[in-house]
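Here is the naming used below: chain letters follow the sequence lines, and residue numbers restart at 1 for every chain. Nothing here was measured: the structure is a model prediction, and the numbers come from that model.
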Amino acid sequence: MENDLPFSEVVKVFEAIEATTQRTVMAKLLSSIFKEAPPQAMDKVVYILLGQLRPDWEGVELGVGEKLAMRAISTASGLPFKKVEETYKKLGDLGEAARQVMSMKGASTILDYFGAKRSRALTVGEVYESLMNVAKASGEGAQDAKVRLLSSLFAAASPDEAKYIARFIVGKLRLGVADMTVLDSLSDVFNVPKESLEKAYHVHPDLGHIARLLAERGRDALAELRVTPGIPIQPMLAERLSSSKEILGKLGGIAICEYKYDGERAQIHRRGDSVRIFSRRLEDITHEYPDVVGYVMEAMESRDFVVEGEIVTVDPDTGEIKPFQELMHRKRKHDIKEAVEEYPVEVFLFDAIYMDGVDLTDLPLIDRKRALWGAMKPHPKVHHATWRLLDDPAETDKFFLEAISNDCEGIMCKSVKRDSIYELGARGWLWIKYKRDYKSELTDTLDLAVVGAFWGRGRRAGLYGALLLAAYDPDTDQFYTVAKVGSGFTDEDLKKLPEMLDQYKLPHKHPRVVSKMEPDVWFVPGLVIEVIGAEITQSPIHTCCMDPKAGTGLAIRFPRFTGRYRTDKSPEQATTVREVMEMFRNQKKIGEQSIDESI
DNA sequence: AGTGTCTGCCCC
DNA sequence: ATTCTGC
DNA sequence: GCAGAATGGGCAGACACT
């Protein structure tokens, strides 16, 4: 127990945090744990709190989701898997399900079986260590091993403790606390100004490490955390707007506008001969892009830098940018050589964060770009993102349409003012994205029939969390799925959906519905709702326009409910599969057409 | 050897 | 990725 | 406006099953 603390103490505070909605109160409650925890246990407390085991770039994964978690709970409680699953489905929260199941009278734990009692309380260190062991299990029999480890952990836990262990496993603590609230609390406990703590976190995004450093060595230790090639920084994020006029207004009338490429955002670090590439979520993705490592070695004069750009798949002959789905074939561990040949990529850089020992984050955008250009040699695979300095909404719209006709998602508009620093981790108004689907004129909406629903989780427990939607085929008189939608519903929408759909409920799939997906509830096609998305993509699971040979149908990318119920339409008046196919075929032309119209 | 299910602080 | 909600 | 928590399509990897 030395250098450790009872898990039950932490769980008590979790319960208190869950009971409030005020972030200031949550931070105060967190402070009570941080004051109590021994310095050596600080990192573990913070990791558990944030639902992670190690910093992102180390790639430690639990490898357990809700199915294996339910198996473990079933084993630990002695109740059938079905019973656990049923409880989970009904409650919409695996944590609450675990708590209930583990406190049932009929439940007999493994310990009971051996005639043992919970002799002593679990500690934070023990919970953390168990979870780490679960993460380490691999190879044949790994799933059984993970389930065994977890079920003994559940058996050793009180029902309240089991609740948070279960939630940790499925990655949803649902405390209303995340990194920012932890920062608030640490700032309070260790009497460090919020700004210096935030800065340290942004350049060294490992809150467990920072918390322990503070506890062990005090606030002066933070000074050693600075931008370091090899350790990812928190990327700057962007706000969104749907017109050039608004955007230029926000940015003071003038902006650097860049193509927004549909690829993977990449943070590229070089320290001497070592190059590392990190994803937007700070995963180390270097192994996926050995070609890019070589390209930047060739293209950059500097030996020490952190730069940022977008990796996209490109047809090497035509220079044409390929769909995002192509790039996803590069997200692999094995057969990278083959993938490098089959899916060639290029890099479009747009910022520099660190160059030759100098942290550039506090410099204005122009100065950072100058540093970037200064370090770049002409290279066939490494470019600067196509850009323009613009101060006129009409010109900006033209550039935006040009970007779309060149297979980009839209443009990024960036402040060029003196204060246009690289705002780490912030979704501020210095960068604004402008995408096609933000403008309804440029993106068709679809009116789709609701053919199924999925039970919601968390704050949507007991309600439908998402609906299964289908387009109509007048030739076969059948409905083919093209999307699930769970975004765009207000609380009011969610509340009334069950009653609206009650009249259509079925115990099985309707004979006129063609679906590979299995929703929790089936409906007779009846209700029609309006949906918008970014584009139509090829789909392995949706049946709309399914080609039986290729096995691919069509789906909506980033679907969301527009808020409009088309009660004026019968399901047979829904968007047809033919229309969806037309949208799929025409979407590439939209940019060109609109440019023509605007001239 | 081939297929199916689950998982990922996945990528978007 | 987008969207909604409480503060 | 921030911070957090709901939710989407689709890819490969890992493992289990047949």
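- Taking atom CZ of R280(A) as the reference point, atom P of dC10(B) lies 10 Å away to the nearest angstrom.
- Rounded to a whole angstrom, the distance from the P atom of dC12(B) to that of dA6(D) is 22 Å.
- dA3(D) sits 23 Å from dC11(B) when the C1' atoms are compared, rounded to a whole Å.
- Across the protein-nucleic acid pair, K322(A) atom NZ and dC11(D) atom P stand 14 Å apart, rounded to whole Å.
- G65(A) comes within 4.0 angstrom of the backbone, heavy atoms only, and of no base.
- Of the inter-residue distances, the one linking I48(A) atom CD1 with I33(A) atom CD1 reads 10.0 Å to the nearest 0.5 angstrom.
- For dT7(D), its base never sits under 3.5 Å from the side chain of S487(A) at any donor and acceptor pair.
- Between D437(A) and T490(A), it is D437(A) whose nearest contact on DNA chain C lies nearer the 5' terminus.
- Contacts of L175(A) with the nucleic acid, taken as non-hydrogen atoms under 4.0 Å apart, involve only primed sugar atoms and P, OP1 or OP2.
- In this structure, K250(A) is positioned above the aromatic face of W429(A), its NZ or CZ under 6.0 Å from the six-membered ring centre and within 45° of the axis.
- One interatomic measurement links the two molecules: CG of L463(A) to P of dC4(C), which rounds to 16 Å at whole-angstrom precision.
- With DNA chain B read from its 5' end, the first of the two nearest nucleotides for D56(A) and Q143(A) is the one closest to Q143(A).
- Side-chain rings of W57(A) and F278(A) stay apart, their centers remaining 6.0 Å or farther from each other.
- For the pair K260(A) and Y434(A), the cation does not sit on the ring face, since its NZ or CZ is not both under 6.0 Å from the ring centre and inside 45° of the axis.
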